[in-house]
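Notes for the one structure printed next.
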Amino acid sequence: MKKKIALLLTASLLFASGSCAVRSNNWGTIRENHEVTRLFRSYEIRPDYNYFYYGVFLEPDTIMGIDKKYTVQSKFWKPLALSSDQLKRWVRDLDRSRDDANFARSYMGSYQGAYILDPERSAIGIWYSKLDWGVFHFPGENVIIAYPPSLKPGSESIRFRPRDD
């Protein structure tokens with residue numbers, strides 16, 4: 001419950017301060033990209049990235065890789081030394097529909113890849129998630145504050161129902 005309240009508060013503050021974020025131009029986001037999806041599904045680890053996950057280790061909601069020249073500040077994202085074997089286990093398991101998983105409606109029950117963009121809209125990282133909204137603050141040179149991923153405000157999720165086997 002506390003996580004949901006924190007997510008709603010963060011989303012509300014970011015939405016309410018949207019005009020300020022545009023003026024100060026120190027906010028980044030994600031942009032969906034099929035090449036990034038293919039990169040994750042080929043289990044490729046980029047050696048120039050540090051990897052993080054959000055959610056439960058066995059079934060993370062999101063995996064992200066950030067260029068090593070950046071320092072990530074976040075109490076929500078957990079760093080890890082991601083191996084190709086661990087990535088393979090995650091990718092194979094995460095795309096299987098579960099009765100308790102919320103996915104962005106446009107993702108139709110599978111994780112999708114995206115580039116993480118800095119304020120100048122340059123790609124500085126990669127993202128693989130069932131959620132379609134990522135927000136990043138760039139308060140100083142080579143510093144990123146990564147907020148929890150979520151569904152875009154106003155978008156819907158699909159909730160899977162148990163299958164009749």
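In what follows, every heavy atom counts, from backbone to side chain, and hydrogens, waters and symmetry copies are set aside.
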CD of Glu120: more than 12 outside heavy atoms within 6.0 angstrom?
yes

Here the pair of heavy atoms bringing Ser150 nearest to Leu131 is O-CB, 3.5 Å

As an exercise, state the distance from CG of Asp132 to CG of Leu151, rounded to the nearest 0.5 Å.
5.5 Å

Can you label the angle between the Trp127 ring and the Phe136 ring as parallel, tilted or perpendicular, going by 30° and 60°?
perpendicular

Determine, stepwise, if the pair Trp27 / Val135 fulfils side chain to side chain contact (heavy atoms under 4.5 Å, CB included).
CA-CA 7 Å; Trp27 292 91; Val135 177; 3.6 Å; yes

At their closest point, which heavy atom of Tyr147 faces which heavy atom of Trp77, and how far apart are they?
O-NE1, 3.1 Å

Taking Tyr128's backbone N and O only, do any of them form a donor-acceptor pair with Thr62's side chain (distance below 3.5 Å, no angle check)?
no

What I'd like to find out is whether the side chain of Phe76 reaches to under 4.5 Å of the side chain of Pro149, using heavy atoms alone.
no

Can you check whether Gln112's main-chain N or O pairs, donor with acceptor, with Thr37's side chain at less than 3.5 Å?
no

Using only atom types and a distance under 3.5 Å, with no angle test, would you say the side chain of Ser84 pairs donor to acceptor with the backbone of Tyr43?
yes

Quick one, Asp93 with Glu59, criterion side chain to side chain contact (heavy atoms under 4.5 Å, CB included). Give me CA distance, side-chain angles, the key distance, then yes/no.
CA-CA 8 Å; Asp93 291 344; Glu59 292 182 6; 5.9 Å; no

Closest approach of Pro60 to Tyr111 (non-hydrogen atoms, all atoms of both residues)
O-OH, 2.9 Å

Under the side chain to side chain contact (heavy atoms under 4.5 Å, CB included) rule, what do Leu117 and Ile30 come out as? Steps first, then yes or no, please.
CA-CA 6 Å; Leu117 306 177; Ile30 65 169; over 6 Å; no

Taking Leu94's backbone N and O only, do any of them form a donor-acceptor pair with Lys130's side chain (distance below 3.5 Å, no angle check)?
no

Residues at least two apart in sequence or cross-chain that pass side-chain contact (heavy atoms from CB on, under 4.5 Å) with Leu82, listed by chain then number, are Ile45, Tyr51, Ile63, Leu80, Gln86, Leu87, Trp90

Trace of the side chain to side chain contact (heavy atoms under 4.5 Å, CB included) decision for Met64 with Val72
CA-CA 11 Å; Met64 75 172 178; Val72 176; 4.2 Å; yes

Heavy-atom pair of closest approach, residues Ser74 and Ala146:
OG-O, 2.9 Å

Looking at side-chain heavy atoms only, is the closest gap between Ile126 and Tyr115 below 4.5 Å?
yes

Minimum heavy-atom separation for Asn26 to His137, with atom names?
ND2-NE2, 2.9 Å

So, does Ser42 use its side chain to make a donor-acceptor pair with the main chain of Arg38 at under 3.5 Å?
yes

How many angstroms lie between CG in Asn142 and CD1 in Ile124, if you round to the nearest 0.5 Å?
9.5 Å

Close side-chain approach of Arg46 and Leu39, heavy atoms under 4.5 Å:
yes

Does the Asp118 side chain pair with the main chain of Arg121, one donor and one acceptor, at a distance under 3.5 Å?
yes

